[in-house]
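Take a look at the structure below.
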Amino acid sequence: MRRFVRAVPRPEARLRNVLLPAVVIAVLLAATGVAAAQTATDTLPVLYRLDKGSNYEQGCFGPCACPVLINAEAVGTLVLTPAGFDGLYNTFKVTDINWIVSINGTDTFVTGSGTYKVGGEVALQQELTLDLKVGDNAVQRFDSGVVGVRAPYPAIDVTVSINGMTCFDTVFHVATSPVPIDQIIPYRLVAGSSFQRGCFSACDCAIGPELPMTGNFALVPLSAGPLWTKFAVVNARWRVQDSTATGSSAGFPVRGAGMYLYGGEFAVQQQMNLILKVDKEAPAHFDSGLVVGGGTQRIDIKVSVVGAVCVDTVLEIHAEPRTLFRQSPRTDGDAP
């Protein structure tokens, strides 16, 4: 018997270079209606944003009689990169998960990666598998199983859980779609941005040198209310220049993502919350707390490691928007 494979319509892809060196963000605009499978040649990463309706739940499901204890909105971004067609499904790598949920009144980061596939024989089906770290918890596997498609491609609407939503479980409803190009705001670090590590406050040890830091990141709007405007901070790719080091690779990288918000009822305030990996160290949580200032024309803010006592790492961030689509030569101030 002849088998018919139903492939996802190929979307019209437009290159979306936000001038972040070493990464090209392609955002898929619209489906063309052509019934052709994507192939491994389509490899551009696509920046997605969680849509309204995405949430985090923890509690009892299925036949168990206890309540759902937590039901919180999830906001943030992720990146999808086509990984080929396996004969039935278009497959994708899921990376750079940068979500935040409010658990018991505390904003909690969710990070991780995974895979997504969509396609099938006859009926269109999908499966999302993610390895997620929720706050300080250990990484856990979340999976949707193979289920029917609920949103037209390139949008995704699927629920993932640890235990198949049976009795006590932790669940994410993921509703997400590509970010339009005019909502990706590229920034570059400017003079005065720095990295410093050592003892602060009243602790009796040395403060390290204040090292200059260069690089780029982008903001993606998440929500705008009467008091606060919230953005995802994506693809922070910074480099700390260390004049005491030797060799062509003097210095070290700082990479990560997070959130930025500004607003307030009276005086304008701002806060930046980041998960950053300094060189080869484990990722750490950096936070500014609510401080005076804020806006998108220029960002001036200081972040440090959450919970650090005495020995701390402090980043001075001074950033201005970059001009989209301006072609200019690479300079030493650009992060690799």
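Side-chain atoms are counted along with the backbone in the values below, which use heavy atoms only and exclude waters and symmetry mates.
- Between Ser177 and Asp51, the side chains place a donor N or O and an acceptor N or O closer than 3.5 Å (distance only, hydrogens not considered).
- A side-chain donor from one of Tyr260 and Gln270 sits under 3.5 Å from a side-chain acceptor of the other.
- Residue pairs satisfying the disulfide bond (SG atoms under 2.5 Å apart) criterion with at least one member in residues 86-129, sequence neighbours excluded, are absent.
- The ring of Phe168 has its center no closer than 6.0 angstrom to the ring center of Phe61.
- Side chain of Asp312 to backbone of Val305: a donor-acceptor contact under 3.5 angstrom is found.
- Using modelled atom types, no side-chain atom of Asn71 and backbone atom of Glu57 make a donor-acceptor pair closer than 3.5 Å.
- Taking the centre of each ring, Trp99 and Phe172 come in below the 6.0 Å mark.
- Of the possible donor and acceptor atoms, none in the side chain of Tyr89 sits under 3.5 Å from a partner among the backbone N and O of Tyr116.
- Side-chain N or O atoms of Asp169 include one that pairs as donor or acceptor with a backbone N or O of Asn163 at under 3.5 Å.
- Legend: disulfide bond (SG atoms under 2.5 Å apart) pairs involving residues 72-105, not counting sequence neighbours: none detected.
- Looking only at atom types and distance, the side chain of Gln183 has a donor-acceptor partner in the side chain of Arg49 under 3.5 Å away.
- Under the side chain to side chain donor-acceptor pair (under 3.5 Å) test applied with Ser194, the options Gln241, Glu316, Lys302, Glu210 reduce to a single match, Glu210.
- Judged purely by distance below 3.5 Å, without hydrogens or angles, the side chains of Glu73 and Asn55 never pair a donor atom with an acceptor atom.
- Side-chain contact annotation: Gln140 with Asp131, donor-acceptor N/O pair under 3.5 Å absent.
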